[in-house]
Amino acid sequence: MAFPITIDVVTRKIFSISFLESYEISTYIFAIAVPLGFGYALFAGAHIRIDVVFARLKGGSRAALDILGLLLLTGVVCVFSWQALRTAYESFKMGARSNSTLGTPLALPQSLWAAGLALFALICLVVTIRVIILAARRRYDAAEALTNGKQIAPLEVRTESET
């Protein structure tokens, strides 16, 4: 994406024209790619949590706080996903197009963006259910490992000889 943006910037500066619409395309790519990274961030423990409080808790209390956070996250993401799907559907019904020389049918990038959010909502739901089941079985370490990055870290440090 850097090459088309560079070409676009140079042609705008020298010839006062923009023919690649790199800004619009990069915005769509960014909006589609970001929700796809949310699920990974959940498994990697990269989402914000209040470790000052969390570090002082043990076992069931820690799992309960994890479950509360996951329930809130899942609820918010489900609302966002629903609204994104509605937006894409409305754009499709109206035949909405971007206000640029590309005239992109907005339903296309919006539906891909909504699909990324829906995938994240599904991941949140599955992780929440799994953590609730593990906590109910008093397997608190396994429940915590799903949300703090311990499940994904071993995958990142494996060497070829270990696989």
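- Partners of Thr27 under the side chain to side chain donor-acceptor pair (under 3.5 Å) rule, at least two apart in sequence or in another chain, do not exist in this structure.
- Qualifying side-chain contact (heavy atoms from CB on, under 4.5 Å) partners for Leu85, counting only residues two or more places apart in sequence or in other chains: Ala114.
- In this structure, CD1 in Ile67 is found 12.0 Å from CG in Leu72, a value given to the nearest 0.5 Å.
- Pairs of residues two or more places apart, or lying in two chains, that qualify as salt bridge (Lys or Arg N to Asp or Glu O under 4.0 Å) and include a residue from residues 87-98 are Glu90-Lys93.
- For Ser91, the side chain to side chain donor-acceptor pair (under 3.5 Å) partners two or more places apart in sequence, or in a different chain, are Gln110.
- Within the structure, ring-ring contact (aromatic ring centres under 6.0 Å, His included) pairs that include any residue of residues 92-139 comprise Phe38-Phe120, His47-Phe120 (at least two apart or interchain).
- When hydrophobic side chains of Ile, Leu, Val, Met, Phe, Trp and Tyr are connected at separations under 4.5 Å, Leu106 ends up clustered with Tyr28.
- The nearest pair of heavy atoms linking Pro109 to Thr104 is CD-CG2, 4.1 Å.
- The side-chain heavy atoms of Leu119 and Pro35, taken from C-beta on, include no pair separated by under 4.5 Å.
- A distance of 11.5 Å separates CG of Leu146 from CG of Asp141, quoted to the nearest 0.5 Å.
- Residues forming a side-chain contact (heavy atoms from CB on, under 4.5 Å) with Arg86 (at least two apart in sequence, or on another chain): Trp82, Gln83.
- In this view, Lys58 satisfies the side-chain contact (heavy atoms from CB on, under 4.5 Å) rule with no residue, not counting sequence neighbours.
- Atom CG of Asn99 sits about 9.0 Å away from atom CD of Glu24, to the nearest 0.5 Å.
- The distance from the OG atom of Ser61 to the CG atom of Asp66 is 11.5 Å, given to the nearest 0.5 Å.
- The hydrophobic cluster containing Leu122 also includes Val126, under a criterion of side-chain heavy atoms closer than 4.5 Å among ILVMFWY residues, counted directly or through chains of members.
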For residues 129-139, run the donor-acceptor check on the side chains, cut-off 3.5 Å, and write out each pair with its distance to 0.1 Å, sequence neighbours left out.
unit_1 : atom_1 : unit_2 : atom_2 : d
Arg138 : NH1    : Tyr140 : OH     : 3.2

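- Cluster annotation: Leu71 and Leu125 are assigned to distinct hydrophobic clusters (Ile/Leu/Val/Met/Phe/Trp/Tyr, side-chain heavy-atom contacts under 4.5 Å, transitive).
- Contacts of Ala115 classified as side-chain contact (heavy atoms from CB on, under 4.5 Å), with partners at least two apart in sequence or in another chain: none.
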Run the side-chain donor-acceptor check on residues 73-81: report pairs under 3.5 Å with partners two or more places apart or on a different chain.
unit_1 : atom_1 : unit_2 : atom_2 : d
Thr74  : OG1    : Leu70  : O      : 2.7
Thr74  : OG1    : Thr128 : OG1    : 3.1
Ser81  : OG     : Val77  : O      : 2.9
Ser81  : OG     : Leu117 : O      : 2.9
Ser81  : OG     : Ala118 : N      : 3.4

